[in-house]
Amino acid sequence: MSKETKAKSIIEPRVLKGFRDFLPSMEIPKKAITNNLEKHFRSYGFVPIDTPILEYTEVLLGKGGGETDKQIFHFKDNGERDVALRFDLTVPFARFLAQHQSELSLPFKRFHIDKVWRGENPQKGRYREFTQCDFDIVGVDNAEADFEILSMMDSSFSVMGVQNYQFCIAHRGLFNTFLAHLGLLEMSVEILRTVDKLRKIGKEEVQKLLHELTGEGEKANAILQYISKEDEKEPFLTTLDRLTALAGGENPHSERMRTIYSYLHEAGIEEHFTFDPSITRGLDYYTGIVYETFLTELPHFGSVCSGGRYNDLAGLYTKEELPGVGSSIGLDRLLAALEELGSPIVSSASSADVAIFNTDVKHFSHYDRIARVMRKDGLRVAIYLLNKKIGVQYKWAETNAIPFAVLLSEDDVLSSTLTVKNLRTREVHNALSIEAAIALIRKSTRRLTTLGGR
RNA sequence: GUGGAAGUAGUUCAAUGGUAGAGCACCAGAUUGUGGAUCUGGCUGUUGCGGGUUCGAGCCCCGUCUUCCACCCCA
């Protein structure tokens with residue numbers, strides 16, 4: 001084949017809009033986060049499940065269709081079946097529950113970390129293929145389960161090493177009670193959708209829209225009063241009291257919120273939770289608490305973790321009523337946000353804890369012996385495999401964010417000692433025993449690697 | 001899906017319609033000799049892709065792809 005024809009036969013390497021490759025610098029922190037989350041979910045007694053990425057379109061959309069709303073990827077398979085890629089993990093989970101009821105014992109607590117697909121137009125932090133980290137409790141409708149999910153959200157963020165976030169909570173049921181009090185319950189869906197825009201378009205615009213919707217300025221004002229807090233820092237219970245009064249007095253929903261808050265307070269984590277009555281969530285299956293999570297430094301990035309309570313999740317697939325509460329972390333959006341913030345979680349992805357430099361290839365077996373001992377001790381060890389000058393090896397280690405280098409002089413080889421250099425501080429430690437070297441590396445990497453890729 | 005903006009070397013950015021350039025990065029060598037300094041030399045581009053206008057297009061026009069922004073929805 002001539003050079004020319006060969007060049008022409010090359011297929012342009014490219015990926016679809018909204019789909020992405022992950023280089024090690026992103027995949028390392030992503031894997032570190034999912035590993036930590038999985039461990040964390042299991043520590044709460046949650047179990048993993050898996051479901052197919054492809055389902056019957058009917059299963060994902062319900063009989064009615066409404067595919068334009070979901071912007072779902074769907075097509076005919078080779079057997080002419082109408083199939084679709086899952087657009088979240090909750091709907092397949094509902095199908096899963098209906099199908100395996102008899103094999104599961106309630107309450108059932110599961111987590112599921114995997115990719116989902118949506119045919120939306122991409123933007124920053126918004127993709128057509130992205131990973132969700134879901135955790136749900138099914139078969140319980142009480143404040144204790146609600147609290148456990150909220151508490152797990154809070155500890156998840158701390159396990160992921162993320163700081164400066166705020167959980168915004170509201171209660172769909174309480175809002176509907178309020179709307180019923182106003183005689184506007186039939187319009188609930190439209191009103192909720194409008195109210196949800198408060199954060200984006202502001203009070204005046206929302207009021208205008210509500211006025212058009214209800215046809216009555218007075219009712220529009222009442223709704224506006226419900227959803228807007230006097231100031232950002234209005235305490236949780238003050239908001240709750242205010243909303244309860246507007247909804248016509250204490251009711252099961254307000255009492256539920258009160259109990260949940262008391263648990264948050266007892267656990268000492270209440271400062272991360274705000275009562276934000278403008279949070280409604282678009283999905284109509286929510287019936288109880290709903291929440292969204294914003295990074296305080298990047299509120300316009302959108303929610304990085306949201307969910308709520310649904311009292312009849314699997315209703316499409318079974319007559320049995322299955323109440324549940326759950327939450328979903330948007331991992332790709334979170335990573336994009338952390339990257340934008342220059343977070344060390346993203347920028348410090350290292351391939352190894354220590355590099356063994358190839359100072360003389362005739363000692364390769366000796367390097368390998370040292371590497372084996374260190375690995376047995378849990379360190380990540382990379383031997384430099386090319387016979388290049390030392391400056392190049394330093395540069396390589398630096399590019400891969402490896403914090404330590406082992407260099408062996410002739411004396412070291414003879415006396416079975418190691419020279420260890422901290423590549424960040426450039427501090428050199430001579431004539432160490434292998435145990436001392438391991439201890440040294442351990443000591444200063446432990447703090448960094450809790451999130452760094454194990 | 002609809003509307004708007006932008007796409008030039010690995011990267012950050014230049015280039016009145018007239019020979020595509022600079023810094024950083026990278027590679028080789030010298031010097032150093034358990035690195036980042038210095039010196040010398042070098043490489044990198046079908047200006048996203050495909051058409052059109054023109055004697056001549058990175059620049060103008062049309063289409064297309066991708067990214068970013070808005071609507072919508074959301075993670």
Side-chain angles (χ1 to χ4, degrees), chain A residues 4 7-8 10-21 23 66-73 86-90 113-134 153 192-194 196-197 199-201 205 279-284 286 290-295 298 300-308 326-337 340 355-360 384 388-399 402 404-412 418-431:
Chain A
E4 240 177 18
K8 271 178 189 157
I10 287 174
I11 297 165
E12 189 194 345
R14 56 191 187 141
V15 296
L16 288 162
K17 172 183 9 182
F19 289 70
R20 301 170 303 154
D21 286 327
L23 275 72
E67 62 194 67
T68 46
D69 293 334
K70 303 288 185 191
Q71 297 180 295
I72 193 171
F73 279 102
R86 63 180 178 215
F87 57 86
D88 71 7
L89 298 175
T90 310
I113 302 173
D114 222 322
K115 283 182 171 175
V116 302
W117 294 266
R118 286 181 203 176
E120 283 181 297
N121 255 356
Q123 269 177 51
K124 204 178 206 55
R126 183 171 217 184
Y127 312 100
R128 291 188 159 186
E129 176 181 64
F130 59 97
T131 299
Q132 291 196 319
C133 311
D134 271 41
M153 281 163 58
L192 288 169
R193 191 168 300 151
T194 310
D196 203 34
K197 292 181 184 161
R199 186 178 294 271
K200 206 144 202 183
I201 63 175
E205 282 299 307
I279 299 288
T280 63
R281 316 279 302 127
L283 297 165
D284 36 359
Y286 290 115
V290 288
Y291 28 81
E292 297 192 351
T293 310
F294 299 96
L295 300 176
L298 288 176
H300 296 293
F301 236 80
S303 174
V304 291
C305 172
S306 36
S327 190
S328 178
I329 299 170
L331 191 53
D332 294 279
R333 179 174 288 182
L334 183 62
L335 280 169
E340 178 130 332
I356 297 182
F357 281 4
N358 193 347
T359 36
D360 191 339
Y384 190 79
K388 293 243 186 180
K389 57 185 181 187
I390 214 75
V392 175
Q393 303 196 35
Y394 274 117
K395 199 151 265 177
W396 171 80
E398 189 177 60
T399 318
I402 300 172
F404 283 95
V406 165
L407 299 107
L408 299 175
S409 62
E410 288 297 325
D411 286 349
D412 280 323
L418 284 76
T419 300
V420 175
K421 182 160 176 175
N422 182 324
L423 297 182
R424 199 173 45 80
T425 64
R426 308 208 169 186
E427 203 178 343
V428 178
H429 305 264
N430 286 304

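Numbers restart at 1 for each chain; the letters A, B, ... are given by sequence-line order, proteins then strands.
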Side chain of Q123(A) only, please: which of A75(B), U34(B), C71(B) is the nearest? C71(B)

Using atom NZ of K124(A) as one end and atom P of C68(B) as the other, report the distance to the nearest whole Å. 6 Å

Taking atom P of C74(B) as reference, at what distance in whole Å does atom CD1 of I279(A) sit? 12 Å

Please measure how far the C1' atom in U54(B) lies from the corresponding atom in C73(B), and state the result in whole Å. 47 Å

Considering only side-chain heavy atoms of S306(A), which listed nucleotide, A75(B), C68(B), C73(B), is closest? A75(B)

Tell me whether R128(A) contacts the main-chain N or O of E120(A) through its side chain, where contact means a donor paired with an acceptor under 3.5 Å. yes

Calculate the interatomic distance between K17(A) atom NZ and C49(B) atom C1'; express it in whole Å. 16 Å

Report the distance from atom CG of L192(A) to atom P of C73(B), rounded to the nearest whole Å. 12 Å

Is the shortest heavy-atom distance from the side chain of I329(A) to the side chain of M153(A) under 4.5 Å? no

Consider the side chain of Q71(A), meaning its heavy atoms from C-beta on, and name the nucleotide among C68(B), G1(B), G35(B) that approaches it most closely. G1(B)

How far does the C1' atom of A5(B) sit from the matching atom of A9(B), given to the nearest Å? 24 Å

side-chain contact (heavy atoms from CB on, under 4.5 Å), that's the test. Do I390(A) and L407(A) meet it? Break it down for me. CA-CA 10 Å; I390(A) 214 75; L407(A) 299 107; 4.1 Å; yes

Determine the Euclidean distance between corresponding C1' atoms of G10(B) and C27(B); express it in Å to zero decimal places. 13 Å

Please determine, for the side chain of K200(A), which listed nucleotide (C72(B), C71(B), G35(B)) has the closest atom? C71(B)

Whole angstrom value for the distance that separates P of A75(B) from OH of Y286(A): 6 Å

Of all the choices, G1(B), C72(B), C68(B), which nucleotide is nearest to the side chain of P122(A) once you look at every atom? C68(B)

Are any of the side-chain heavy atoms of E410(A) and D360(A) separated by less than 4.5 Å? yes

Between U2(B), G35(B), A75(B), which one does the side chain of Y127(A) approach most closely? A75(B)

Could you measure between the two C1' atoms, the one in U47(B) and the one in A20(B), and give it in whole Å? 8 Å

Taking the P atom of each, how far is C72(B) from C59(B), in whole Å? 36 Å

Rounded to whole Å, the CD-C1' distance (E340(A) to C69(B)) equals 13 Å

Using a 4.0 Å heavy-atom cut-off across all strands, classify G307(A) as base, sugar-phosphate, or nothing. nothing

Below 3.5 Å, does any donor atom in the side chain of R126(A) face an acceptor in the base of C73(B), or the other way round? yes

Taking G18(B) as the reference, what is the distance to G56(B) when you measure between their P atoms (whole Å, please)? 14 Å

Counting any heavy atom closer than 4.0 Å, what does L331(A) reach on the DNA or RNA strands: base, sugar-phosphate only, or nothing? nothing

Given C73(B), C71(B), G1(B), identify the nucleotide with an atom nearest to the side chain of R128(A). G1(B)

Please name the nucleotide paired to A14(B) by Watson-Crick or G-U wobble geometry with both distances under 3.5 Å, or report none. none

Out of A75(B), U34(B), C72(B), minimum distance to the side chain of R333(A) belongs to A75(B)

Within this structure, what is the CD-to-C1' distance between Q132(A) and A75(B), rounded to whole angstrom? 6 Å

Taking the C1' atom in each of U44(B) and G52(B), what is the distance between them to the nearest angstrom? 31 Å

Any idea which of A70(B), U34(B), G35(B) is nearest the N121(A) side chain? A70(B)

Interatomic distance, R14(A) CZ vs G48(B) C1' [rounded to whole Å]: 11 Å

Residue R118(A), side-chain atoms from C-beta onward, closest of G35(B), A75(B), C73(B): A75(B)

Counting only Watson-Crick or G-U wobble pairs whose two distances fall under 3.5 Å, which nucleotide matches A6(B)? U66(B)

Applying a 3.5 Å limit to both distances, which nucleotide forms a Watson-Crick or G-U wobble pair with C71(B)? G1(B)

Say you pick atom P in C60(B) and the same atom in A14(B); how far apart are they, in whole Å? 15 Å

